[in-house]
Amino acid sequence: MSRAFTPEEQAYLASLSAVQSVSESTITYAPEFRATCMDRYYAGESPTEIFRSEGLDPALIGGKRIERCVSRWRHSIPPRDTPTPPAKRDLLVENRMLRSQVAALEGLVELVHARENRAVRKVRRFELIEELRERVDDFSLAAACGVLGVSEGGYYHWRAQRAAWADAARQDGPGGAHGDPDAGPDGAPDASDPRK
């Protein structure tokens, strides 16, 4: 059984927007607070921190009371499955595009330094895009292609060609028409060849 609230504690609790009413032994919470509390709880916030931020310190109301409230509300207030508002969605898309552009620009700077300020071949730019797709979450191909000065169609064509070459090399095996004629069974130069 929880301890009784003093008249001063009751007056303090009644002054909080999270509290609808209070008596010597009970607190009735405002419906808005319950909904907000559960939204924050489902977002990963600690119940104690949620209550404390509303002026409901566990030292005053008791930690068990907080636990019981959240447990009870969890059954009556399910998580909201609200879609992302359009304005926020647009910002998320823009953020994704900007991160991809930054990654592409960083890669381009890296390529330029590596090539000692000479023009970078298209193949290398496509390879960079492929690397960025593997490294960057929410990668935007359109943004990267725009920054690197290549088309999306060109990238997809290069990718299909590369896959075809890899398939042909696998089918032919080492020393086949697409492989190194001097390669051994593992693809490395044949050590038994006297010419090596």
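Start at 1 with the first residue, then count along the sequence. As the structure is a prediction and not an experimental result, all values here were calculated from the model.
Between Ile129 and Val150 there is a side-chain heavy-atom pair separated by less than 4.5 Å. No side-chain heavy atom of Tyr156 sits under 4.5 Å from any side-chain heavy atom of Phe126. The closest side-chain heavy-atom distance from Leu56 to Val19 is below 4.5 Å. At least one side-chain heavy atom of Arg40 sits under 4.5 Å from a side-chain heavy atom of Ser53. Between Ile61 and Leu13, some side-chain heavy-atom pair lies under the 4.5 Å cut-off. Using a 4.5 Å cut-off on side-chain heavy atoms (C-beta onward), Arg133 and Arg159 make contact. Residues Tyr155 and Arg125 have side chains not in contact (no heavy-atom distance under 4.5 Å, counting atoms from C-beta outward). Using a 4.5 Å heavy-atom cutoff, the side chains of Gln20 and Pro31 are in contact.
The shortest non-hydrogen separation linking Arg52 to Pro58 is NH2-CG, 3.4 Å. Taking all atoms of both residues into account, the shortest heavy-atom contact from Trp158 to Glu127 is CZ2-CG, 3.7 Å. Between Ala30 and Ser17 the shortest heavy-atom distance is CB-O, 3.6 Å. Ile66 approaches Pro47 most closely through the heavy-atom pair CG2-CB, 3.8 Å. When all heavy atoms of Tyr42 and Pro78 are compared, the closest pair comes out as CE1-C, 3.6 Å.
From Ser76, atom OG reaches atom CE of Met38 across 7.5 Å, with rounding to the nearest 0.5 Å.
For the residue pair Tyr41/Arg74, the side-chain donor-acceptor check at 3.5 Å is satisfied. When only modelled atom types and interatomic distance are considered, Ser140 and Arg99 share no side-chain donor-acceptor pair under 3.5 Å.
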Inset, instruction - Kindly indicate, with the supporting measurements, whether the criterion side chain to side chain contact (heavy atoms under 4.5 Å, CB included) is fulfilled by Arg65 and Ile27. - result: CA-CA 10 Å; Arg65 186 185 307 261; Ile27 301 173; 4.0 Å; yes
Inset, instruction - Show your working on salt bridge (Lys or Arg N to Asp or Glu O under 4.0 Å) between Arg162 and Glu130 and close with a plain yes or no. - result: CA-CA 11 Å; Arg162 190 182 67 162; Glu130 191 71 10; 3.4 Å; yes
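Under the 6.0 Å cut-off for aromatic ring centres, Tyr29 and Trp73 qualify, their centroids lying closer than that.
Leu141 and Leu98 fall into different hydrophobic clusters, where Ile, Leu, Val, Met, Phe, Trp and Tyr are joined by side-chain heavy atoms under 4.5 Å apart, directly or via other members.
The local environment of CD in Gln161 is crowded, with over 12 non-hydrogen atoms from other residues, nucleotides or ligands closer than 6.0 Å.
Side chain of Gln10 to backbone of Phe5: a donor-acceptor contact under 3.5 angstrom is found.
Between Glu9 and Arg3 a salt bridge is recorded (basic side-chain N to carboxylate O distance below 4.0 Å). With respect to Arg72 and Glu67, no salt bridge is recorded, no charged nitrogen being found less than 4.0 Å from a carboxylate O.
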